[in-house]
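Scroll down for the structure; my scribbles are underneath it.
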Amino acid sequence: MKNLKIVVTDYIEPDLNWEAAELAKRGLHFLYHQLKFAPLAQVIAATRDADIVIVNMLPVTVELIAGWEKCKLVIRHGVGYDNVDLAALDKAGIPLCYIPDYCVEEVAEQAIALMLACGRKIVSSRKVLEDSSARGRWDFTDVIPIFRIAGRIVGIIGCGRIGSRVYQKLQSFGVNFLICDPYLTEERKRELGIEVVDKETVFRGADFLTIHTPLTHETRHIANAQTLALMKPTAYLINTSRGPMVDDEALAEALRNRLIAGAAIDVYGTEPPPPGYPLFGLPNVILTPHLAWYSEEGGWRIRGLIILEIDRFLAGLPPRYTAKP
Ligand SMILES: NC(=O)c1ccc[n+]([C@@H]2O[C@H](COP(=O)([O-])OP(=O)(O)OC[C@H]3O[C@@H](n4cnc5c(N)ncnc54)[C@H](O)[C@@H]3O)[C@@H](O)[C@H]2O)c1
């Protein structure tokens, strides 16, 4: 085990000096790279003889896996693992370890922050203030109407770790809920004290609709031209899950035509979104740079949990969370 080689393919921290020091204490060989956009041959060359490969956003494809000589574990630095070809990994007999429990609070906080910012028109209020200042008198036209959030309906699609925290944290806001999660167990529904409805009912009824599902063939473009058309003209769509959950072109069209009041988005199909991203320039959209996961506490928690997973591997224990195709 002492000769174990651990390779990071890409990372978001400023550096991995802390990890290097931790793994040096264990006598492990540790290398880290920024290969997210590198050619496949370069990624293979860097990871060929690794025992453990740690990836952030780098695509783990069948071709990359075929280049590995002795990899025994892939650790995905993060919650989602849609950049990993799970079937190919499974076929190669390599488990995928992911870290779903480091930023539940943060993403729930961000979803609620975006919801409140939309409802209270916080971002556009700044312009109203500056324009009023220049004019020397108040003019609230650009933020009217604002509706009281208490009494409104929050729609939650996906009531897992994050979705259920959004539900719990909003308890004292006096809102009502419409929740869609066809995979929630009866026991979990009882625990949360909720009933579920179908997704069309959520799109139709929600004043704030927040998406918290994993990216699957069922959830890709769950917000599309048809489902957006069901929404109230006063409703807001919030997406902190994965970019492809929303059909960007359809959302841009819905926003331009005022089919819905606005949207708040943290995640994108291509990251960062290219300059031609359809929601750029639309006034009724709040955009954040895929940072819902981030807090100082969360950033350090995931670093500690990844070292914990390496320690578990050294001790012959399975990962705390593995994903199967
Ligand atoms: N923006 C960020 O920084 C950030 C950070 C962490 C996680 N995320 C994303 O947040 C999302 C939720 O993460 P989580 O940890 O709560 O996941 P989770 O697995 O705990 O919960 C997901 C829930 O969605 C439900 N679901 C699955 N398919 C569904 C469908 N078709 N319709 C309705 N519900 C469905 C599941 O039953 C589950 O309860 C993921 O997409 C993850 O990648 C984003």
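Just follow the structure's listing: the first ligand is 1, and inside any ligand the first atom is 1. Treat the numbers as computed from the prediction; the structure is a model and nothing was measured.
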One residue to check: [X]. Relative to ligand 1, which of side chain, backbone, both or neither has a non-hydrogen atom less than 4.0 Å away?
X: V79; answer: side chain
X: C103; answer: side chain
X: V107; answer: side chain
X: I162; answer: both

With heavy atoms of [X] as the reference, note each atom of ligand 1 found under 4.0 Å away.
X: A292; value: 1 (N), 2 (C), 3 (O)
X: C159; value: 39 (O)
X: H290; value: 1 (N), 2 (C), 3 (O)

Top protein contact for atom 40 (C) of ligand 1, by heavy-atom distance: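 Residue, atom and distance for the closest contact: T213 O, 3.4 Å.
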Check: R161 N/O within less than 3.5 Å of ligand 1 N/O: yes
Atom pair CG/OH of L279 and Y268 - distance to nearest 0.5 Å: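 Reported value, rounded in 0.5 Å steps: 8.0 Å.
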Lys/Arg N to Asp/Glu carboxylate O, D49 vs K70, below 4.0 Å: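 The answer is no: the pair does not qualify as a salt bridge.
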Carboxylate-amine/guanidinium proximity below 4.0 Å for K169 and E105: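 Salt bridge between K169 and E105, a charged N being under 4.0 Å from a carboxylate O: yes.
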Donor + acceptor pair across side chains of T288, D266 (<3.5 Å):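 Side chains of T288 and D266: pair found under 3.5 Å.
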R161 to Y321, cation-pi by 6.0 Å centre distance and 45° axis angle: yes
